[in-house]
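Shown next, in C-alpha cells, is the structure this report addresses.
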Amino acid sequence: GAVVSQHPSWVICKSGTSVKIECRSLDFQATTMFWYRQFPKQSLMLMATSNEGSKATYEQGVEKDKFLINHASLTLSTLTVTSAHPEDSSFYICSAKVRGNTEAFFGQGTRLTVV
Amino acid sequence: AQSVTQLDSHVSVSEGTPVLLRCNYSSSYSPSLFWYVQHPNKGLQLLLKYTSAATLVKGINGFEAEFKKSETSFHLTKPSAHMSDAAEYFCVVTPLMGRRALTFGSGTRLQVQP
C-alpha cells in the first residue's frame, strides 16, 4: 500500500520556539493532504486541508498564523507550529489522498511536547 | 454534512471471544466508510474500507464490517479476539467523491482480557 512518512516522530521544544513537521508521500503523488491533531484519549480533529500549489484551508478555530502549512509539491507538506506554547503539546498526524481515491493514507504521527 | 457516532467509548472482551464495535454514520453524500486502528503513540492503520461495492467487507487480522444503509451502520466485528487486538479503533466517513477530509468518530478503546 501507499506509504506516508512523517518526521520527526517526536520532538521536545522550548516555549516560544517554532517546530516544523514534515509529511511525505513516498510512492505516490498526494493531491490533497490533511493535518490532524489528537489530544490524549480523544479522536482526531481536522486542522487544515491543503491542495498542492494552493493555500491551505483551515478549520474553524485553528489559527493559520500559528499553524503554517505549506504544500509545495505533490509529495511534501509541512506544518510549522510557530511560537509554540505548552498548550500546543499534542499528537499531530498528517494524511494524504490521491485524486479519485477515497482512502487516506496516514503518517506515523508526531508527538510534540512544549516545555 | 457528515458525522460518525461510535456508540461505545470502551469495550472489554476476553481473549477468544467475539468483538463488536458499533458505528453509526450520517452523510449528505454517498459515503465511503473506514475502520482504522491506532496503537498507543502510533499512527493509524487501515483495517478495512467500504466504497459502494460489496456490503460485507473483509479486512486485515480477521476483522470484517457490514454496511447497512437502512440502519446507517457500519459495525466492526471479529469472531475471536486476540491480545494484540487491544487498541483504539476509529470509524471514519468521507464522501465517495471529492477531496473532502475524513470525519472521525470519537473512538472505541478495545481491551482484551486474558
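Throughout, a chain's letter reflects where its sequence line sits, starting with A, and its residues are numbered from 1. What you are looking at is a predicted structure, and each value in this text was computed from that prediction instead of being measured.
Cluster membership check: B:V57 shares its hydrophobic cluster with B:I60, using side-chain heavy-atom separations under 4.5 Å among Ile, Leu, Val, Met, Phe, Trp and Tyr. No continuous path of hydrophobic side-chain contacts links A:V62 to A:L68 [ILVMFWY only; heavy atoms under 4.5 Å]. Note: the hydrophobic cluster containing A:V11 also contains A:F67 (ILVMFWY, side chain heavy atoms under 4.5 Å, direct or indirect links). Cluster annotation: A:F34 and A:I69 are assigned to distinct hydrophobic clusters (Ile/Leu/Val/Met/Phe/Trp/Tyr, side-chain heavy-atom contacts under 4.5 Å, transitive). Criterion: ILVMFWY side-chain heavy atoms under 4.5 Å apart, direct or through other members. Under it, B:Y89 and B:L48 are part of a common hydrophobic cluster.
Other residues, nucleotides and ligands contribute more than 12 heavy atoms inside 6.0 Å of the NZ atom of A:K66. Other residues, nucleotides and ligands contribute at most 12 non-hydrogen atoms within 6.0 Å of the NE2 atom of A:H7.
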Given B:F104 and A:Q38, is the side-chain contact (heavy atoms from CB on, under 4.5 Å) satisfied, shown in steps? CA-CA 11 Å; B:F104 282 76; A:Q38 184 181 34; over 6 Å; no
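At a 4.5 Å heavy-atom cutoff, the contact between B:L102 and chain A is made by backbone and side-chain atoms alike. For chain A, no part of B:Q45 is nearby; none of its heavy atoms comes within less than 4.5 Å.
With rounding to the nearest 0.5 Å, the separation of CZ in A:F105 from CG in B:L46 is 8.0 Å. Note: B:L44 CG to A:Q108 CD = 11.5 Å, rounded to the nearest 0.5 Å.
Ranked by heavy-atom pairs shorter than 4.5 Å toward chain B, the options A:L44, A:T110, A:I93 are led by A:L44.
Between A:F91 and B:Q38 the shortest side-chain heavy-atom distance falls below 4.5 Å.
Nearest approach of B:F90 to A:Q42, heavy atoms of both residues: CZ-O, 4.2 Å.
Side chain of A:S43 to backbone of B:G105: a donor-acceptor contact under 3.5 angstrom is found.
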